[in-house]
Amino acid sequence: MDAFGEDRAEVIVRAHECGVADIITVGTDLGSSRVAVELAEGHAGVWAAVGFHPHEAGGMSEPDIASLGELTGHPRVVAIGEIGLDFYRDYSPRAAQFQALEWQLALAAELGLPVIIHCRQAEREMLPRLRDWTSGYEPSGGEPPGVIHCFNSDAETARQYLEMGFFISFGAYIGYPASRRNHGVIRSIPRDRLVVETDCPFLPPQDRRGKRNEPASLPRTVELLAEIREVPSEQVARETTANARRLFRLPGG
Ligand SMILES: [Zn+2]
């Protein structure tokens, strides 16, 4: 994203120095997906996800599926995403959001790639769609179907995603005062289904709110999870790393 236009290389170095071994950088439309692939190609430990974010769904047309499919031929593309539904912002017409989601879920199933799901105030519409999709999705090695990114819903919703095989991802927002009500659901996620993310440049840790977030802040989320789940942070780091490698079929996973 443009927020990193000035110092992208330094940001990646800083992340590695803070113990972040691997980064999945995420496209939001065709152009940014191409840039994500280039970035992954140019930096060890950086991988790409390609897709049309629900905010960009209005600009997606059928030929874009083939273009995304071509991009996935690159060995550093590990997922289709972010894809999903966002009825909070509603930047794209809902019909376009449904269509883009359907196309991209079909593409991911065809390629056997995991999906990164963005869902905001649309769980009621998302759950049945993913249930249909996962019931027909059988990757060769029984690999995970994907991850619900920046999860911010209730325990019952989490339970349904988990039942379908999805991983649940949290960011530094779990340390915001308003997230205190989510501690129960954060504790309820099985240790082998939990992953961490930054969502940078968005959602920085509480003490940096209003500023740009970056991958080097990821250990803060690990610490927050450790505090909330009452386990050592080294354990959370180890387990979420192993989970991410398995989810995205990374080397060592
Ligand atoms: Zn998102």
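First listed ligand is number 1; within each ligand, the first listed atom is number 1. The first residue of the sequence shown is numbered 1, and numbering continues consecutively from there.
The closest approach of Glu82 to the Zn ion (ligand 1), by N/O/S atoms, is made by OE1.
Among the backbone and side-chain atoms of His149, an N, O or S atom lies under 2.8 Å from the Zn ion (ligand 1). Among the backbone and side-chain atoms of His118, an N, O or S atom lies under 2.8 Å from the Zn ion (ligand 1).
The pair Arg238-Glu234 does not count as a salt bridge, with every side-chain nitrogen at least 4.0 angstrom from each carboxylate oxygen.
Using modelled atom types, one side-chain atom of Ser135 and one backbone atom of Arg131 make a donor-acceptor pair closer than 3.5 Å.
Figure legend: Arg129 and Phe98 shown as a cation-pi pair, the cationic atom lying under 6.0 angstrom from the six-membered ring centre and within 45 degrees of its axis.
Here the closest heavy-atom approach between residue Gly210 and residue Pro204 is recorded as N-CG, 4.2 Å.
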